[in-house]
Amino acid sequence: MLTLLTFLGRNLQPHPDAELVIYGRRRKVHAHTADHSERAELWPQITSAYQGYANYQERTTREIPVVICELRD
């Protein structure tokens, strides 16, 4: 899953307009990588939802990016 998320993040940087399926409905989004303050706010929520991200962050020297997808429609 982490590899997929990194892959998606790298693909969304040059092409931030995308479509996601949310609860069976196709939605248009605009994606961006969270800045320092956004990540600081979101990271505890993310790791609380899935402890695996925190475990992975402890084992790597790089900061795991957080991609924010904002609805466009």
Side-chain angles (χ1 to χ4, degrees):
M1 182 65 149
L2 290 174
T3 302
L4 177 60
L5 291 175
T6 301
F7 173 76
L8 288 174
R10 288 184 182 158
N11 280 326
L12 287 170
Q13 285 177 346
H15 307 286
D17 293 322
E19 290 186 353
L20 298 176
V21 177
I22 304 170
Y23 297 115
R25 183 174 172 208
R26 188 173 298 272
R27 306 292 301 267
K28 292 182 180 192
V29 297
H30 181 80
H32 72 273
T33 302
D35 64 26
H36 181 73
S37 64
E38 289 171 319
R39 188 183 187 283
E41 181 181 341
L42 294 171
W43 189 250
Q45 297 172 47
I46 292 167
T47 57
S48 143
Y50 180 66
Q51 182 61 37
Y53 292 127
N55 296 340
Y56 180 63
Q57 183 64 75
E58 290 174 7
R59 293 190 315 267
T60 186
T61 57
R62 71 179 182 91
E63 183 175 86
I64 299 170
V66 172
V67 177
I68 298 173
C69 296
E70 298 173 306
L71 293 174
R72 292 190 296 141
D73 58 345

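The structure displayed is predicted, hence computed values, not measured ones. Note: hydrogens, waters and symmetry copies are ignored here, and every other heavy atom, side chains too, is used.
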Q: Between E41 and S37 (side chain of the first, backbone of the second, donor and acceptor by atom type, cut-off under 3.5 Å), is there such a pair?
A: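 No: the side chain of E41 does not pair with the backbone of S37.
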Q: Using side-chain heavy atoms (C-beta onward) and a distance below 4.5 Å, is R27 in contact with R72?
A: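 No - every pair of side-chain heavy atoms lies 4.5 Å or more apart.
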Q: According to side-chain contact (heavy atoms from CB on, under 4.5 Å), who are the partners of A40, at least two apart in sequence or on a separate chain?
A: none
Q: So do E63 and R39 actually touch side chain to side chain, heavy atoms under 4.5 Å?
A: yes
Q: Cut-off 3.5 Å, side chains only: do H32 and E38 have a donor facing an acceptor?
A: yes
Q: Strictly distance-based, threshold 3.5 Å: is any side-chain N or O of T60 a donor or acceptor partner for the main-chain N or O of Q57?
A: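 No; judged by distance alone, with no hydrogens or angles, the pair does not exist.
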Q: Quick check: do I46 and V66 have side-chain heavy atoms less than 4.5 Å from each other?
A: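 Yes; the side chains approach each other to less than 4.5 Å.
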Q: Sequence neighbours excluded and cut-off under 3.5 Å, please list the side-chain donor-acceptor pairs for residues 15-24, or say none.
A:
unit_1	atom_1	unit_2	atom_2	d
D17	OD1	H30	ND1	2.7
E19	OE1	R26	NH1	3.3

Q: Are Y50 and Y53 an aromatic pair, judged by ring center distance below 6.0 Å?
A: yes
Q: Before giving the answer on side-chain contact (heavy atoms from CB on, under 4.5 Å), spell out for I68 and L42 the whole-Å C-alpha distance, their side-chain angles and the decisive distance to 0.1 Å.
A: CA-CA 10 Å; I68 298 173; L42 294 171; 3.7 Å; yes
Q: Would you give the length of the straight line joining atom CG of L71 to atom NZ of K28, rounded to the nearest 0.5 angstrom?
A: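 One finds 12.5 Å between CG of L71 and NZ of K28.
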